[in-house]
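Everything on this sheet refers to the single structure shown next.
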Amino acid sequence: MTCTSCLSHTKNTEPQAFEIADFWEEAENIRTFVFRGTLNSEPGQFCMLWVPGCDEKPFSIARDYDGEIWLTICRVGPATEKLFTLKKGDRVGLRGAFGHGFSVPTKIPPSPFEKGGEKKQVVLVGGGYGTAPLHFTGRAHQLAGSDVTMIIGARHKDLLIWDQKSAESGFRTLLATNDGSAGEKGFTTHILEKLLSEEKIDLVQTCGPEKMMKAIAEMCLEKNVACEVSIERYMKCGFGVCGQCVTETGEKMCQIGPCVTAEKAMGFSDFGNYHRGPEGQKIAW
Amino acid sequence: MTKLDIDFCGVKFANPLVLASGVLGVTAGSLARVVDLGAGGVTTKSLWRAPHPGHKNPVMFGTEHYFMNAVGLSDAGLEKGIETLTELKERTDAPLIANIVAGSIEDFGAIAESVDILQPDIIEINISCPNVESELGKPFACSCQDAAAVTKVVRAQTKLPIAVKLSPNVENIVAVGKAVVDAGADALTAINTVGPGMRWNIDLRTPLLANKVGGISGPAIFPITVKAVYDLHAALPDTPIIATGGINSGRDALEVMMAGGTLVGVGTALYYHGDGFWEKTKQEMSDWLDQNNFKNLSDIIGLFHKT
């Protein structure tokens, strides 16, 4: 068989064994797992984590550099329940990275004294455990010389994740909690709305509850600010064959997403309204 | 450029490439998009009457030479099936093949009755999935009697063309083909995936598929497809065949049509070639037909049997 035009088999679609090198709690029921190695991922991409004998689920990648892969995972179902019982040295399967990540600079930008050398103002908005891939994304922007603002939201201060690491990394870190126990009382969208009206923002990237992302997408489109959202859909294969993750337009979120522009996302009638379960049934957000 | 339109059981297809059941196909939008990308027709995932959960992940993986899956026929049941077929008929004029499945012969009659109301162009009966044996027992396609019995109950419920999807994992596929044609099938689909097979991860000492075993597809099974189609066409020259299993190029498609296929099912090739497969393959087919002075694509069907 001639394989010059083959696209997918160059990707690793068989799970490979990875040892849990370390883990720690980020918040109640949210844990970051560390694996040694790399998936050669870009910020915003995802991988499939397989708990042998249980199930395999998609997770966005919280870090993939310096020989470490970090996955920040919330305990929500049988697979993660089992994962949370595993110890350091136990092995799981990983495959990927898959999908299309957030746009991050790939070139060294001009210096401030050069033409076009103004620093880009990037705002990242994370809601709940959706915050996980944004630090990785923020680091890529920061290394390219952009100013990064991280808006992190949760229901309560004990559920905030990556807020300290974000501040320690030099990101301007703004917090919102529903009950006002940390940062501003209310939603991340309120903080973003204020920033968009008071400052010049070049790019907004967001990951979190879909209704939050839809509100952000609408806000950015209205103000003509570039915006990308990370859309989570039920995934089985992760590489464009099973069709489980398609939007209502038939596009495969495991390949064109999870990160797409706000314009693209608003063209999906399901965005912010519903997703589909393992048998393809509609489930309202 | 030679036109690729073709007639199958009285249904006009703009080209012979049809999406095989089980790939993409979860929503009407997904199927409609496959038509937009160049497919001549589409086949739904296997439709059940009641919701059917399928197997846990991992359900599939690919290698350079073959692909394995054990999705386990997941489907949300009749209500969603109705939604999908109705919406799809609104979104595209391309022929629609509704693939149906059931755990018992009687239930095949019930799902056929429901799907008939929606009037797809063709009903394809899936009696040959090799990765649900632990749940449903030996596939009906492994016995001439069972295969014929399923065909008969479906025939009683519909006047639409029926294609029965056969299993390569039998001693004599031709005998099963003859049995279902005698029982009222208008056409055959050959072949379902091969196996089941098994693969393990040696580090984790765990099977690569959660279901432990799965059906094999992809380029490695293409010779098995050609042989099955060739034998079926030789025995049943008047019965049109949807030839599927490992077709990975325009030349493969032409080869399997010359062996006796009228339509060509495409599934795993989308893993190897992505969305561009449809147009690329049609171009390859058309170019070859031009270069070899064939005016009509239908002239090549069963050509190997005439030489």
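Reminder, nothing fancy here: chain letters follow the sequence lines and each chain counts from 1.
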Measure [X] against the heavy atoms of chain B and call it side chain, backbone, both or neither at under 4.5 Å.
X: A:Met48; answer: side chain
X: A:Cys54; answer: backbone
X: A:Lys282; answer: side chain

(request) Mind checking the SG-CE spacing from A:Cys227 to A:Met266? Nearest 0.5 Å is all I need. (result) 10.0 Å
At a heavy-atom separation under 4.5 Å, does [X] approach chain A through its side chain, its backbone, both, or neither?
X: B:His55; result: neither
X: B:Glu83; result: side chain
X: B:Lys212; result: neither
X: B:Phe67; result: side chain

(request) Examine distances only and state if a side-chain atom of B:Asp75 and a backbone atom of B:Leu47 form a donor-acceptor pair shorter than 3.5 Å. (result) no
For each of [options], tally heavy-atom pairs with chain A at distances under 4.5 Å, and name the one with the top tally.
options: B:Gly267, B:Ala210, B:Ser74; result: B:Ser74
options: B:Ser30, B:Pro58, B:Gly29; result: B:Pro58
options: B:Thr268, B:Thr27, B:Val23; result: B:Thr27
options: B:Lys56, B:Glu87, B:Glu79; result: B:Lys56
options: B:Ile202, B:Asn69, B:Asn201; result: B:Asn201

(message) Do B:Pro120 and B:Val115 make a side-chain contact, defined as non-hydrogen atoms from C-beta onward lying under 4.5 Å apart?
(response) yes
(request) Assess whether side chain to side chain contact (heavy atoms under 4.5 Å, CB included) is satisfied between A:Ile283 and A:Tyr274, documenting all intermediate values. (result) CA-CA 5 Å; A:Ile283 303 168; A:Tyr274 65 90; 5.9 Å; no
(message) I need the single residue from A:Phe268, A:Trp285, A:Tyr234 that forms a ring pair (Phe, Tyr, Trp, His ring centres under 6.0 Å) with A:His275. Which is it?
(response) A:Trp285
(request) Please determine which of A:Phe33, A:Phe35, A:Trp24, A:Tyr65 meets the ring pair (Phe, Tyr, Trp, His ring centres under 6.0 Å) test together with A:Trp70. (result) A:Trp24
(request) For the pair A:Ser103 and A:Glu228, evaluate side chain to side chain donor-acceptor pair (under 3.5 Å) and give the outcome as yes or no after the intermediate values. (result) CA-CA 8 Å; A:Ser103 301; A:Glu228 292 175 348; 2.4 Å; yes
(request) Over 60° means perpendicular and under 30° means parallel, so classify the ring planes of A:Phe98 and A:Phe46, tilted if in between. (result) tilted
